[in-house]
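We're numbering straight along the sequence, starting at 1. Order of listing sets the numbers, starting from 1, for every ligand and every atom in it.
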Amino acid sequence: MAHQFPALTSEQKKELAEIAQCIVANGKGILAADESVGTMGNRLQRIKVENTEENRRQFREILFTVDNSINQSIGGVILFHETLYQKDSQGKLFRNILKEKGIVVGIKLDQGGAPLAGTNKETTIQGLDGLSERCAQYKKDGADFGKWRAVLRIDNQCPSKLAIQENANALARYASICQQNGLVPIVEPEVIPDGDHDLEHCQYVTEKVLAAVYKALNDHHVYLEGTLLKPNMVTAGHACTKKYTPEQVAMATVTALHRTVPAAVPGICFLSGGMSEEDATLNLNAINLCPLPKPWKLSFSYGRALQASALAAWGGKAANKKATQEAFMKRALANCQAAKGQYVHTGSSGAASSQSLFTACYTY
Ligand SMILES: O=P(O)(O)OC[C@@]1(O)O[C@H](CO)[C@@H](O)[C@@H]1O
């Protein structure tokens, strides 16, 4: 089995590895501001703001025009298609605002779930058709990384072998196409927290899913140094009656990663998956303090856990800009400290930060 057909040139590999490392350097993580129009609608509904393009733009303008020092804690921002082409009120493209801060721009590439017939309501993710052309265009338009979220569910018969294999293969195919077009693929196989399973069961499933994903990435000749992983933390199901400490979550999470994720992967940026802002930070901190070998950067790519307090502070009112930016900056800083294992919980985080952000069957 000779290695005759290299997938990438050494220049392409160098560029991809540099982008990936830059996003997770020095405790930096990712702001996942790539909520689809529908998902953003749910967020806005909670604060009684209408889901219009202008309201979505206004909230994101407030986040992206925060003080430049945000670049100490945020290395990348994932955008939804609409946002990549939106401008601030002075007419400046958001993507240029982010780039001038030294923040890498990313783009959501998956296009939602489709049912896998013959399974217990399991899904695969669509978006591979035309993906290469979309990636090429996004690269021209300033994006340097992509995101693809696959959803796996724990239940009696789930995840099935079929769902694990199919989603792993789609993730690998997406990752390969991204790399061919100069985009670092964020590989996101999310085992969602719905269910009453315990921590051990989530660990078992997460290991099976990650092992399949890395087998598929290898089969597709994906250059691991030019990728980032965005997994769930290993937690008990949302309806599990037994509660676990951040140290227990950390040990289960790092054990699962240690068994399945090659050391060549530069960074693992967790999703927040409906944890409260504070829990997401405390768990990340404990993960970074976990006494197991950790050859990758262990950081964050949070959507809800970086924006919940900010959204609540904003409430749709321009006058609340300062409070909104302060709330966002506070969570970004806290997670940057947690990514270095240096977060100290002061107990003054405010009510919004301890609220669960769980949504049942969180797909799109
Ligand atoms: O779980 P979180 O941290 O809120 O969001 C994780 C995430 O992958 O899921 C969302 C829905 O696709 C995305 O906007 C985001 O990137």
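The distance from ligand 1 to the heavy atoms of Glu35 drops below 4.0 Å at these ligand atoms: 14 (O). Each of the atoms 12 (O) of ligand 1 lies under 4.0 Å from some heavy atom of Lys108. For ligand 1 and Glu188, the ligand atoms under 4.0 Å from any heavy atom of the residue are 7 (C), 8 (O). Per-residue contacts place Ser272 under 4.0 angstrom from the following atoms of ligand 1 (heavy atoms of the residue considered): 1 (O), 2 (P), 3 (O), 4 (O). For ligand 1, the atoms closer than 4.0 angstrom to any heavy atom of Asp34 are 13 (C), 14 (O), 15 (C), 16 (O). Here is the list of ligand 1 atoms found below 4.0 Å of a heavy atom in Ala32: 15 (C), 16 (O). For ligand 1, the atoms lying closer than 4.0 Å to a non-hydrogen atom of Lys230 are 6 (C), 7 (C), 8 (O), 15 (C), 16 (O). Annotation for ligand 1: atoms under 4.0 Å from non-hydrogen atoms of Arg304 are 1 (O), 2 (P), 3 (O), 4 (O).
Ring geometry, Tyr302 versus Phe300: the interplanar angle falls from 30° to 60°, so the pair is classed tilted. Ring geometry for Phe64 against Phe94 counts as perpendicular: the plane angle is over 60°, on a 0 to 90° scale with 30° as the lower cut.
For Arg60 and Glu35, the salt-bridge test passes: some basic side-chain N is under 4.0 Å from an acidic carboxylate O. A salt bridge between Arg57 and Glu54 is present, with a side-chain N of the basic residue lying under 4.0 Å from a carboxylate O of the acidic one. Between Arg331 and Glu278 there is a salt bridge, since at least one side-chain N of the basic residue sits less than 4.0 Å from a carboxylate O of the acidic one. Electrostatic pairing of Lys147 and Glu188 counts as a salt bridge here, judged by a charged N lying under 4.0 Å from a carboxylate O.
Closest heavy-atom contact between His220 and Ala172: CD2-CB, 3.5 Å.
Residue contacts with ligand 1 include Gly273, since one or more of its heavy atoms lies under 4.0 Å from the ligand. The shell of residues lying under 4.0 angstrom from ligand 1, judged by heavy atoms, excludes Thr39.
Residue Tyr302 has no nitrogen or oxygen atom sitting less than 3.5 Å from a nitrogen or oxygen atom of ligand 1, judged on distance alone. The shortest N/O to N/O separation between Arg43 and ligand 1 does not fall below 3.5 Å. Between Leu271 and ligand 1, no pair of N/O atoms sits closer than 3.5 Å.
The side chain of Arg149, and not its backbone, has at least one atom closer than 4.0 Å to an atom of ligand 1 (non-hydrogen atoms only; side chain from C-beta on). With a 4.0 Å cut-off on non-hydrogen atoms, Glu190 does not touch ligand 1 at all.
A donor-acceptor contact closer than 3.5 angstrom links the side chains of Ser89 and Glu61.
Exactly one residue among Asp144, Leu79, Thr83, Leu93 makes a side-chain contact (heavy atoms from CB on, under 4.5 Å) with Val105. That residue is Leu79.
Atom NZ of Lys139 has more than 12 neighbouring heavy atoms from other residues, nucleotides or ligands inside a 6.0 Å radius.
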